[in-house]
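Only a predicted model underlies this, so the values are computations on that prediction, with no experimental measurement involved. Along the sequence shown, the residues carry numbers beginning at 1. FYI, side chains are in, hydrogens and waters are out, and symmetry mates aren't considered; it's all heavy atoms of this structure.
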Amino acid sequence: RTSCSMTSVVNTASARKSHSPEWLFCIGLSLLLLAGCSRAPAPQQLSGQTMGTTWHVTVMPVAGGPPAATLQADIQAVLDAVNSSMSTYREDSEISRFNALPAGDWLQVSTGFYRVLAAAIGIGRESGGAYDVTVGPLVNRWGFGPSPAPEELPGQAEIQQFLAQVGQDQLRLDGEGSRVRKLVPRQLDFSSIAKGFAVDQVAQQLEAAGIANYLVEVGGEMRLAGHSPRGDTWRIAIEQPDSAGRAVARAIRVTDAAVATSGDYRNFFEVDGVRYSHTIDPRTGFPVRHRLVSVTVIHPRAMLADAWATALSVMGAAEGRALAQRLGLAVYFMDREGDALRSSHSDAFAPYLEQGAGE
């Protein structure tokens, strides 16, 4: 999956009137709008590029904390380390070395790589195969990975051949030695979890520097802690699932948690009037075709919010809602009924909904 979150930080009209100044940034495919209180210290706002996308961090500075230049360099170093480990676009990355490794051979990996792979396998099991970290060959065949876009769409016979190359059950992990191997040829793809992991790593780095109030965003995946520059809970806007524009569908309030959204309306292509989503179902080998168009997950860890947003997007509205409810996941769904959108959410998501915002 090419990760794109449809969430943004917003402020109310009244807040815009009573607070100044304002800062406007582009966050992936969304808008980040923060209103700061003139009596409070100005927040530090940092940004850069990583993993083929952008990152933004907003922090409230602390006495004795690192200067902005040091913080910028430290954040970039954290993100560069994740990218050098988990990017399939780099031949020297850990994931590329694993993908090139012969079946049966062990590869000793970094702690972060091991944690991400273990988490991905766990979600694969809990989702009944709707999420599979070995889906890379199918992602590439459909033109959503490092390989060029296909000139011709694959047929069922070709998809069956690719499905034979997918299956996390052929992976083996050795926790004591921090080693991984595959019993048969397999290709890993961390695109649906690496950005969330990177967000967690940056958040950990900020907290180690004594920073308690922050927003971290990488490619649309977010993690928030403490309070916003206004001094209140961070206010997040879930984007309306519309490929033609950007609008707010629902406002939520979040702190000390991560937010990730997966949707099928930004990254897709059309052939003969048929839309092919970047979200590939590893159980069928084809892009998803159901009515679920947006899934937003709130979780303490961005890595898991990121991966679960993809897993539930694959499953579809009914199956996804049932699993979210059973596991106690905080999830907000939007599915299309004709020209209309219908929203629903798990019980665990209800506390985050802003009162009076409507459905």
Go through it in stages, so that I can follow the logic: the residues are K182 and L171, the test is side-chain contact (heavy atoms from CB on, under 4.5 Å), and I'd like the CA-CA distance, side-chain angles, deciding distance and then a yes or no.
CA-CA 5 Å; K182 48 196 171 185; L171 301 176; 4.1 Å; yes
Hey, is the main chain of [Y] close enough, under 3.5 Å, to the side chain of [X] for a donor-acceptor pair?
X: S127; Y: G124; result: yes
X: D200; Y: A302; result: yes
X: D281; Y: V288; result: no
X: T255; Y: H227; result: no
X: N213; Y: S228; result: no

Roughly how far apart are [X] [atom1] and [Y] [atom2], rounded to 0.5 Å?
X: M334; Y: R342; atom1: CE; atom2: CZ; result: 12.5 Å
X: D347; Y: L329; atom1: CG; atom2: CG; result: 12.0 Å
X: S87; Y: I95; atom1: OG; atom2: CD1; result: 8.5 Å
X: S294; Y: L292; atom1: OG; atom2: CG; result: 7.5 Å
X: M51; Y: D80; atom1: CE; atom2: CG; result: 9.0 Å
X: I193; Y: T310; atom1: CD1; atom2: OG1; result: 9.0 Å

Any idea which heavy atoms bring [X] and [Y] closest together, and the distance?
X: R141; Y: E152; result: NH2-O, 3.1 Å
X: A225; Y: W234; result: O-NE1, 3.1 Å
X: T296; Y: F349; result: O-CE1, 4.0 Å
X: R283; Y: M315; result: NH2-CA, 4.0 Å
X: A258; Y: R301; result: CB-C, 3.8 Å
X: A311; Y: A130; result: O-CB, 3.9 Å

Salt bridge (Lys or Arg N to Asp or Glu O under 4.0 Å): pairs with one or both residues in residues 95-122, sequence neighbours excluded
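Passing the test, one end in residues 95-122: no pairs.
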Does any pair with a residue in residues 193-226 pass ring-ring contact (aromatic ring centres under 6.0 Å, His included), and if so which ones, sequence neighbours excluded?
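Non-adjacent pairs meeting ring-ring contact (aromatic ring centres under 6.0 Å, His included): zero.
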Going by ring-ring contact (aromatic ring centres under 6.0 Å, His included), name the pairs with one or both residues in residues 118-139, residues two or more places apart or in two chains.
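Pairs touching residues 118-139 that pass the test: none.
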How about CD on E91, more than 12 heavy atoms from neighbouring residues, nucleotides or ligands closer than 6.0 Å, or not?
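It does not: E91 CD has 12 such atoms or fewer within range.
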Could you go through L353 and Y332, starting from their C-alpha distance and side-chain angles, then the distance that decides it, and tell me whether this counts as side-chain contact (heavy atoms from CB on, under 4.5 Å)?
CA-CA 10 Å; L353 294 171; Y332 189 85; 4.1 Å; yes
Report all side-chain donor-acceptor pairs from residues 67-74 shorter than 3.5 Å, counting only partners two or more places apart or in another chain.
unit_1	atom_1	unit_2	atom_2	d
Q72	NE2	S47	O	2.7

Test [X] against every option in [options] by the side chain to side chain contact (heavy atoms under 4.5 Å, CB included) rule and name the one that passes.
X: W55; options: Q49, Q76, E221; answer: Q76
X: D306; options: M222, K195, H299; answer: K195
X: Q187; options: V135, N99, V133; answer: N99

Between [Y] and [X], is there a side-chain heavy-atom distance shorter than 4.5 Å?
X: V180; Y: L188; value: no
X: T54; Y: H56; value: yes
X: M60; Y: P229; value: yes

Just to verify, what does F113 make a ring pair (Phe, Tyr, Trp, His ring centres under 6.0 Å) with, not counting sequence neighbours?
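F190.
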Taking only residues two or more places apart in sequence or in another chain, which ones pass salt bridge (Lys or Arg N to Asp or Glu O under 4.0 Å) with R181?
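Checked R181 against salt bridge (Lys or Arg N to Asp or Glu O under 4.0 Å); zero matches.
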Hey, mind stepping through Q205 and Q201 against side chain to side chain donor-acceptor pair (under 3.5 Å) and telling me if it holds?
CA-CA 6 Å; Q205 187 261 338; Q201 292 297 100; over 6 Å; no
Going by distance alone, is a donor N or O of one side chain under 3.5 Å from an acceptor N or O of the other, for Q168 and T134?
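Side chains of Q168 and T134: no pair found under 3.5 Å.
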Examine the side chains of S262 and S313 and answer whether a donor and an acceptor come within less than 3.5 Å of each other.
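The criterion, which ignores hydrogens and geometry beyond distance, is satisfied for S313 and S262.
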When you group the ILVMFWY residues by side-chain heavy-atom contacts below 4.5 Å and let the links chain together, are [Y] and [X] in the same group?
X: L46; Y: V62; answer: yes
X: W106; Y: I121; answer: no
X: V184; Y: L117; answer: no
X: L183; Y: V109; answer: no

R90 and S84: side-chain contact (heavy atoms from CB on, under 4.5 Å), yes or no, with the steps?
CA-CA 7 Å; R90 297 183 52 147; S84 66; 3.9 Å; yes
Residues H345, I252; criterion side-chain contact (heavy atoms from CB on, under 4.5 Å); working and verdict
CA-CA 12 Å; H345 58 82; I252 58 177; over 6 Å; no
